[in-house]
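A note on names: the letters A, B, ... follow the listed sequences, proteins ahead of strands, and every chain is numbered from 1.
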Amino acid sequence: MSQEQFWILLTRKIAGEASPEDLTELEQLMQQHPEWQFASQNLEDIWNSKPHVDISEEEEAYLLHLHRLQQKNIPFGKQLQPEEEAAVAELSSNSSRKRIRWLIAGLTVAASVAAFLFFNPFSGKSGASPAQLANINEISTRLGSKTRIQLPDGSVVWLNAGSKLTYDKDYNQEDRQVTLTGEGFFDVIKDPAKPFLVHTSTVDVRVLGTVFNVKAYPEDKATETSLIRGSLEVSIKSRPLDKIILASNEKLVVENKKDTVAAWKADEETDQPLMTLNQIKRNSRDSTINETQWTENKLVFDNEPFEDVAVKMGRWFAVDIEITDWALKQKRLTGTFERESVEQALEGLAYASTTPFIFKRSGNKIIIHR
Amino acid sequence: MKDVLHIKWLLEQVALQQSEEAYKKLFLLLHKPLCQFAFGILKSNDHAQEVVSDVFIHIWEHKTKLPAIESPLIYLYKAVKNRALNSIAKERRQQALDSGEWLVPMPSVYFDPEKLMMTEELMQKLQQAVEDLPSRCRLIFKLIKDDGLRYKEVADLLQISVKTVEAQMTIAMRRLGKCMEVEVSSLNVKISKK
């Protein structure tokens with residue numbers, strides 16, 4: 001009973017809701033239970049540490065707000081300066097948080113739907129007849145293996161573990177279209193007359209002649225498009241009118257749609273995938289690029305949560321890795337593996353990790369715990 | 001953030017002096033927490049920003065009436081809540097009215113391990129404990145801890161009793177405290193082994 005009372009009083013005190021009587025009573029309880037001292041001191045510290053606010057983000061929001069005031073013709077002394085107007089135009093077209101250059105294609109909705117259907121002759125499985133299926137080439141890789149393919153036009157594709165690439169017999173007639181599930185590294189021969197298109201479940205990528213990597217495993221949280229050189233255009237399935245142009249060394253990450261997140265369901269109509277545009281990081285030692293290291297038979301992760309690393313390792317070594325501990329799942333790991341077995345790799349990680357862990361293997365299943 | 005007197009003073013400056021400087025300060029101070037609150041109801045960032053901007057526009061348009069506002073913080077949260085709910089299509093409003101469904105974006109609950117003498121492990125435990133709180137409990141915890149609302153104000157805003165607010169707050173604090181009890185006992189074990 002006294003413990004229940006202790007928590008109520010302590011909470012009141014920290015939240016600034018306690019009466020003088022409450023404080024006296026709390027003090028008495030604390031004297032009887034000095035073991036509560038540690039928790040109560042720390043809770044007070046936690047209470048007083050305030051969230052960090054990115055003031056530049058708030059300034060941007062204020063600028064947008066002034067712009068709205070102006071649009072509504074509400075008199076406000078401070079008129080926006082021309083350079084601020086330009087900043088506002090940039091912000092409102094960007095949707096402030098995601099600094100992405102949107103290029104609104106001048107297509108009508110009808111035209112884009114027609115184009116969408118035209119460009120996706122075999123994306124809808126139900127619509128494909130057996131005759132059409134017979135004309136589709138399919139290359140797939142098992143877990144734990146990788147392959148290199150040369151397409152009819154001479155373009156080269158490396159397929160990472162557990163991936164599938166399909167293209168039909170019309171490939172290289174008017175254009176070059178492939179469908180990817182999983183991860184592929186593309187070195188596309190330049191042919192401006194025949195655009196090269198990669199379809200995935202979340203995004204479509206359109207290029208003329210470039211080198212790029214697409215990571216689109218359906219079970220992953222996001223689809224990543226990394227451009228090594230040249231230029232490339234990504235359109236997101238759920239918003240076909242907007243196109244994002246990537247420059248060299250840029251990487252676009254688009255969240256994959258997950259129906260399981262019930263909390264977000266209410267917002268289906270306005271739901272738009274989260275996306276971020278990043279620079280590709282080069283390794284400071286030898287300026288290699290992490291995103292494409294797998295084509296050289298290297299498994300690389302750079303400051304990534306263990307749970308994501310486990311998924312990557314699972315595909316790479318054809319095993320099923322399960323982490324039982326929440327804190328371990330969040331633990332960020334960095335490492336490069338080339339010839340190691342999965343056991344050697346995990347031993348190396350356990351040795352280097354500040355949070356020690358152990359693992360047990362039985363058949364294809366590996367369980368990691370503390 | 002918690003400084004209600006400061007917010008009152010800023011509002012007074014806006015009302016009496018038409019001070020744009022004070023208006024801007026008010027916006028910078030409250031925009032983010034209000035957006036987070038609106039996001040909980042609307043589940044869309046752009047929509048939340050629009051609603052909060054509308055509330056601030058309303059403030060500017062009615063600035064002469066501001067001194068009459070007794071508790072400005074709760075006034076603003078209520079204005080955001082009403083506007084947000086009104087902007088939701090009728091079909092979905094019934095569901096949206098249930099504050100148990102309002103989400104709080106996670107980064108709002110924040111610990112700075114640099115300032116606190118705590119291990120990374122304990123931090124992660126605390127963070128997880130906050131994440132695991134039921135959504136209404138987390139919302140109440142966030143409104144009181146980060147946004148500086150009083151028990152009474154949260155009760156008023158969410159239309160629940162003060163007792164319920166207190167019970168939810170106590171649950172949150174107790175769960176955080178529990179994380180540290182384990183820490184204490186493992187510390188004791190280490191010492192006794194020596």
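Heavy-atom contacts from other residues, nucleotides or ligands closer than 6.0 Å to CD of A:Gln71 number more than 12. Within a 6.0 Å sphere centred on CD of A:Glu27, other residues, nucleotides and ligands contribute 12 heavy atoms or fewer. Atom NZ of B:Lys25 has 12 or fewer heavy atoms from other residues, nucleotides or ligands within 6.0 Å. The number of heavy atoms from other shown groups lying within 6.0 Å of NZ (B:Lys81) is above 12.
Counting heavy atoms from C-beta outward, B:Met173 and A:Ile14 have side chains that approach closer than 4.5 Å. Taking the side chain as every heavy atom from C-beta outward, A:Arg68 and B:Asp54 approach each other to under 4.5 Å. By the 4.5 Å heavy-atom criterion applied to side chains, B:Arg174 and A:Gln3 are counted as neighbours. A:Thr11 has its side chain within reach of B:Tyr151: a pair of non-hydrogen atoms, C-beta onward, lies under 4.5 Å apart. Under the 4.5 Å side-chain criterion, counting only non-hydrogen atoms from C-beta, A:Trp326 is not in contact with B:Lys125.
In this structure, B:His31 has its ring center at least 6.0 angstrom away from the ring center of A:Tyr62.
Ion pair B:Lys24/A:Glu58 not flagged as a salt bridge, since none of the NZ, NE, NH1 or NH2 atoms sits closer than 4.0 Å to an Asp/Glu carboxylate oxygen. We find that A:Glu17 and B:Lys152 are not joined by a salt bridge, their nearest charged nitrogen and carboxylate oxygen being 4.0 Å or further apart.
Rounded to the nearest 0.5 Å, atoms CD (A:Glu57) and SG (B:Cys35) are 10.0 Å apart. Going from atom CG of A:Leu63 over to atom CZ of B:Phe27 covers 10.0 Å, rounded to the nearest 0.5 Å. A:Trp7 CH2 to B:Glu166 CD: the interatomic distance, rounded to the nearest 0.5 Å, is 14.0 Å.
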When you look at B:Tyr23 and A:His65, which way does the side chain to side chain contact (heavy atoms under 4.5 Å, CB included) test go after all the steps?
CA-CA 12 Å; B:Tyr23 182 73; A:His65 174 67; 2.8 Å; yes
Run the side chain to side chain contact (heavy atoms under 4.5 Å, CB included) check on A:Glu59 and B:Leu28 step by step: do they pass?
CA-CA 7 Å; A:Glu59 293 269 3; B:Leu28 294 181; 3.9 Å; yes
Quick one: do B:Leu176 and A:Trp47 satisfy side chain to side chain contact (heavy atoms under 4.5 Å, CB included)? Show the steps, please.
CA-CA 11 Å; B:Leu176 293 184; A:Trp47 192 270; over 6 Å; no
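The backbone N or O of A:Gly16 sits less than 3.5 Å from a side-chain atom of B:Arg150, completing a donor-acceptor pair. Of the possible donor and acceptor atoms, one in the side chain of B:Trp60 sits under 3.5 Å from a partner among the backbone N and O of A:Pro75.
Using a 4.5 Å cut-off between heavy atoms, B:Glu50 contacts chain A through both its backbone and its side chain. Contact annotation for A:Ile8: both backbone and side-chain heavy atoms come within less than 4.5 Å of a heavy atom of chain B.
Scanning all heavy atoms of the two residues, the minimum distance from B:Gly177 to A:Ala39 falls at O-CB, 4.2 Å.
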